[in-house]
Amino acid sequence: MKSYKNLYPKIYYYKNLELAFKKAKRNKSFMPYVVKFEENLENELKQLQKELKSQTYKPRKLKRFIIRDPKTRTIHASSFRDRIIYHALCNIIEPIFDKTFIHDSYASRLNKGIHRAVERFDKFKRKVSKNGRLVSNFYNKNNIIGYVLKADIKHYFDTVDHKILLNIIKRKIKDKKIILLIQKILNNFDTKIKGSGMPLGNLTSQFFANVYLNELDYFIKHKLKAKYYIR
């Protein structure tokens with residue numbers, strides 16, 4: 001397995017921070033906190049660069065609020081400067097992990113997403129059901145060949161084990177400074193059980209969720225040999 005060292009300087013490289021800023025402000029350009037940050041952009045980015053380089057960076061307290069879509073969810077929003085850091089981190093390490101993900105992992109990935117997942121499901125559905133062929137000699141005439149198992153992990157983000165997640169990341173990232181930065185991000189979330197949980201709504205949480213569940217994907221695809229599996 002290929003591993004990567006000395007990546008940390010790439011995170012605080014000024015051009016990377018500029019790119020991270022552009023990603024963080026996408027669809028939020030007119031928000032007051034973005035406008036204020038951009039008014040003094042060079043100095044703000046240089047301050048972040050300084051904090052990262054000296055390893056004095058510390059994420060700010062998350063802002064908690066409730067949404068209903070219609071399911072009730074507790075979202076923890078990061079400050080804008082922290083979101084820039086998260087993008088800067090993901091810019092460097094996400095491509096390393098993304099190429100190891102299975103093809104049929106669709107959540108929070110470039111050129112994937114829910115619409116392509118539905119298209120893939122439709123392709124699997126047609127193949128398994130032989131284009132909707134009816135089951136013969138059944139109790140009614142509306143049953144087609146095949147079945148679907150839909151599953152969810154209860155309170156997934158609340159139960160992610162930090163130690164397991166970090167051990168997975170360490171297999172590829174052999175840079176202690178990056179690991180320490182990730183630990184700061186994880187520990188910034190106040191959870192009921194110490195050493196577990198990630199906040200809903202954070203870029204890093206979405207990425208770490210995929211890294212964590214990639215273990216499950218490989219188990220289902222390669223150990224259980226499930227052919228028609230989408231996550």
*Asks:* I need the minimum non-hydrogen distance between S105 and R231, along with the two atoms involved.
*Replies:* OG-NH2, 3.2 Å
*Asks:* Might you work through the side chain to side chain contact (heavy atoms under 4.5 Å, CB included) test for F207 and L89, ending with a clear yes or no?
*Replies:* CA-CA 11 Å; F207 167 60; L89 171 65; over 6 Å; no
*Asks:* Working to the nearest 0.5 angstrom, can you tell me the gap between N214 CG and F219 CZ?
*Replies:* 14.0 Å
*Asks:* So does D161 have more than 12 non-hydrogen atoms from other groups sitting under 6.0 Å from CG?
*Replies:* yes
*Asks:* Going through the checks in order, is the side chain to side chain donor-acceptor pair (under 3.5 Å) test met by N6 and Y8?
*Replies:* CA-CA 6 Å; N6 304 316; Y8 191 70; over 6 Å; no
*Asks:* Answer yes or no: is there a side-chain heavy-atom contact under 4.5 Å between H76 and D190?
*Replies:* no
*Asks:* Check whether more than 12 heavy atoms from other residues, nucleotides or ligands sit under 6.0 Å from atom NZ of K177, and answer yes or no.
*Replies:* no
*Asks:* My understanding is that only residues two or more places apart in sequence, or in another chain, count here; which of them pass side chain to side chain contact (heavy atoms under 4.5 Å, CB included) with Y13?
*Replies:* K15, N16
*Asks:* Using side chain to side chain contact (heavy atoms under 4.5 Å, CB included) as the criterion, list what pairs up with I67, not counting sequence neighbours.
*Replies:* F65, D69, R73, I75
*Asks:* Can you confirm whether E44 sits close enough to F21 that some side-chain heavy atom of one is under 4.5 Å from a side-chain heavy atom of the other?
*Replies:* no
*Asks:* Under a 4.5 Å cut-off applied to non-hydrogen side-chain atoms, are F124 and V148 in contact?
*Replies:* no
*Asks:* Under the side chain to side chain contact (heavy atoms under 4.5 Å, CB included) criterion, do N202 and Y86 qualify, and how do the steps go?
*Replies:* CA-CA 8 Å; N202 274 12; Y86 302 161; 3.7 Å; yes
*Asks:* Locate the shortest heavy-atom distance separating S108 from E94; write the atom from each residue and the value.
*Replies:* O-OE2, 4.1 Å
*Asks:* Ignoring hydrogens and geometry, is there a side-chain-to-backbone donor-acceptor pair from R83 to S78 under 3.5 Å?
*Replies:* yes
*Asks:* Mind listing the closest non-hydrogen atom pair of K227 and K221 along with its distance?
*Replies:* O-NZ, 3.4 Å
*Asks:* In Å and rounded to the nearest 0.5 Å, what is the CG to CG distance from D82 to N188?
*Replies:* 7.0 Å
*Asks:* Check whether any side-chain heavy atom of D217 lies under 4.5 Å from a side-chain heavy atom of Y229, and answer yes or no.
*Replies:* yes
*Asks:* According to side chain to side chain contact (heavy atoms under 4.5 Å, CB included), who are the partners of K194, at least two apart in sequence or on a separate chain?
*Replies:* none
*Asks:* Can you tell me how far the CZ atom of F121 sits from the OH atom of Y106, to the nearest 0.5 Å?
*Replies:* 12.5 Å
*Asks:* Please give me the minimum heavy-atom distance between P95 and C90, naming the atom from each residue.
*Replies:* CD-O, 3.5 Å
*Asks:* Determine whether I96 and L7 make a side-chain contact, defined as any pair of heavy atoms from C-beta on separated by less than 4.5 Å.
*Replies:* yes
*Asks:* Spell out, as yes or no, whether a donor-acceptor pair under 3.5 Å connects the side chain of K225 to the backbone of H222.
*Replies:* yes
*Asks:* Looking only at heavy atoms, what is the nearest atom pair of I230 and A117, with distance?
*Replies:* CD1-O, 3.9 Å
*Asks:* Return yes when atom NZ of K22 has more than 12 non-hydrogen atoms of other residues, nucleotides or ligands closer than 6.0 Å, and no otherwise.
*Replies:* no
*Asks:* Assess whether atom NE2 of H115 is packed by more than 12 heavy atoms of other residues, nucleotides or ligands within 6.0 Å.
*Replies:* no
*Asks:* Tell me if the NZ atom of K61 is crowded by more than 12 foreign heavy atoms within 6.0 Å.
*Replies:* no
*Asks:* Counting distance only, does the side-chain N/O of T191 pair as donor-acceptor with the main-chain N or O of S196 below 3.5 Å?
*Replies:* yes
*Asks:* Answer whether the closest heavy-atom distance between the side chains of E215 and I164 falls below 4.5 Å.
*Replies:* no
*Asks:* So, R116 side chain and N111 main chain: donor-acceptor pair closer than 3.5 Å or not?
*Replies:* yes
*Asks:* Inspect the surroundings of CG in L224 and state if more than 12 heavy atoms from other residues, nucleotides or ligands are less than 6.0 Å away.
*Replies:* yes
*Asks:* Do F101 and F97 have their ring centres less than 6.0 Å from each other?
*Replies:* no
*Asks:* Report yes or no: does D175 contribute a side-chain atom to a donor-acceptor pair with the main-chain N or O of Y4 at less than 3.5 Å?
*Replies:* no
*Asks:* Show which residues join I114 in its hydrophobic cluster (side-chain heavy-atom contacts under 4.5 Å, direct or indirect), or state none.
*Replies:* V118
*Asks:* Taking the side chain as everything from C-beta on, heavy atoms only, tell me whether K176 gets closer than 4.5 Å to K170.
*Replies:* no
*Asks:* Rounded to the nearest 0.5 Å, what separation is found between the CG atom of N40 and the CG atom of L45?
*Replies:* 9.5 Å
*Asks:* Determine whether a donor-acceptor pair (N or O, by modelled atom type, separation under 3.5 Å) exists between the side chain of N167 and the backbone of K163.
*Replies:* yes
*Asks:* Show your working on side chain to side chain contact (heavy atoms under 4.5 Å, CB included) between K25 and I84 and close with a plain yes or no.
*Replies:* CA-CA 9 Å; K25 82 163 190 173; I84 293 171; over 6 Å; no
*Asks:* Starting at CE of M198, measure out to OG1 of T204 and round the result to the nearest 0.5 Å.
*Replies:* 8.0 Å
*Asks:* Apply the test side chain to side chain contact (heavy atoms under 4.5 Å, CB included) to residues L165 and L186: give CA-CA distance (whole Å), side-chain angles for both, the deciding distance (0.1 Å), then the verdict.
*Replies:* CA-CA 10 Å; L165 173 62; L186 291 172; 4.1 Å; yes
*Asks:* With sequence neighbours left out, what residues match K46 under side chain to side chain donor-acceptor pair (under 3.5 Å)?
*Replies:* E42
*Asks:* May I ask you to check whether over 12 heavy atoms, not counting those of K112, lie within 6.0 Å of atom NZ?
*Replies:* yes
*Asks:* What's the separation between atom CG in N91 and atom CG in L17, rounded to the nearest 0.5 Å?
*Replies:* 9.0 Å
*Asks:* Going by the angle between their ring planes, with limits at 30° and 60°, are Y212 and Y156 parallel, tilted or perpendicular?
*Replies:* tilted
*Asks:* Flag yes if F189 and I169 sit in one hydrophobic cluster, no otherwise; membership is Ile, Leu, Val, Met, Phe, Trp, Tyr, and two members link when side-chain heavy atoms are under 4.5 Å apart.
*Replies:* no
*Asks:* Under 3.5 Å, is there a donor-acceptor pair between the side chain of S205 and the main chain of L200?
*Replies:* no
*Asks:* Check side chain to side chain contact (heavy atoms under 4.5 Å, CB included) between E51 and all other residues, then give those that pass, not counting sequence neighbours.
*Replies:* Q47, T56, Y57, R81
*Asks:* Less than 4.5 Å apart, any side-chain heavy atom of H162 and any of N187?
*Replies:* yes
